[in-house]
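A short worksheet on the structure shown next.
Both counts, for ligands and for their atoms, begin at 1 and track the order of listing. In this chain, residues are counted from 1 in sequence order. Source: prediction; values computed, not measured.
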Amino acid sequence: MSLLVSDAIVLHSFDYLESSRILKIVTRDAGVRSVLARGARRSKARFGSALDLYAQGTAELHVKPGRELDTLAAFEVTRSRSQLALQLARFTGASAIAELTLRFVRDAADPTLFDAIAAALDEIASSPPDRTRDVTLAGAWRVLSELGVAPTIDICADCHSPIEAEQPAMFSHPSGGALCNRCGRLARSGRTLPPEARAALRAWLSGEDFALHSAQDIRAHQRLLREFLREHLADDRPLRAFDVWENDEWTGGAA
Ligand SMILES: [Zn+2]
């Protein structure tokens with residue numbers, strides 16, 4: 001058994017037996033881990049509020065080679081992100097980022113990826129109500145970019161010729177991004193992205209802000225992201241949190 005000490009974020013949590021909880025956490029030094037927090041339900045003093053969803057801190061894990069479940073020895077919280085629970089759109093946005101992380105991230109160390117996930121949650125937590133959805137979109141694409149599955153935006157995904165920024169372009173999920181006019185005409189399926197939509201993706205993938213102002217644009221981007229995730233997932237299990245986020249009740253952006 002070895003001790004692993006790492007920055008970690010709680011992404012999922014459920015009760016286990018009478019007194020414990022099992023958590024899924026993403027760590028800076030060992031990717032996504034499943035951990036048993038023994039006694040976490042019986043005694044609040046043991047872990048306090050450290051095990052709340054999206055809390056970040058220093059986790060101490062006992063890791064046994066060949067075992068899928070680590071044991072949580074301690075978790076010292078440094079960021080609780082309690083603002084995520086204050087608004088539904090923030091919470092569903094954070095849930096979508098968590099689901100994306102759990103479905104794509106493996107158990108390898110990746111500090112840059114960890115930082116992108118942490119930054120996405122921070123930005124959602126502090127987002128104004130009318131920006132929460134596009135801030136979530138930005139965070140999701142940033143995480144995908146760090147995962148190395150970013151789509152091409154300015155280079156044709158099929159023939160690698162440049163695509164002018166001011167032109168609409170076909171976007172093909174199987175090809176892996178935008179297509180030039182010639183390849184776009186040959187593509188069997190795809191969506192035409194207006195220049196503005198490509199500008200948004202370009203900004204988000206490189207970690208920059210890009211505000212969307214119409215509900216229609218946000219919905220179109222949510223759909224594009226969902227299709228992209230589906231294309232890159234190895235299995236057909238549903239994206240439940242993502243569905244909730246995408247189908248969230250719309251109340252003028254202030255949900
Ligand atoms: Zn092409």
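Listed by chain and number, Cys156 SG, Cys159 SG, Cys180 SG, Cys183 SG are the protein N/O/S atoms closer than 2.8 Å to the Zn ion (ligand 1), with waters left out.
Applying the salt bridge (Lys or Arg N to Asp or Glu O under 4.0 Å) test to Asp154 and every residue at least two apart in sequence or in another chain returns Arg198, Arg202. For Ser145, the side-chain hydrogen bond (donor to acceptor under 3.5 Å, both in side chains) criterion is met by no residue, not counting sequence neighbours.
At a threshold of 4.5 Å between side-chain heavy atoms, the hydrophobic network of Ile, Leu, Val, Met, Phe, Trp and Tyr places Leu69 and Val10 in two separate groups.
A donor-acceptor pair shorter than 3.5 Å cannot be found between the side chains of Arg133 and Gln222.
Less than 6.0 angstrom separates the ring centroid of His221 from the ring centroid of Trp204.
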Name the atoms and distances for all side-chain donor-acceptor pairs under 3.5 Å in residues 156-169, with sequence neighbours left out.
unit_1	atom_1	unit_2	atom_2	d
Asp158	OD1	Ser175	OG	3.1
Asp158	OD2	Ser175	OG	3.4

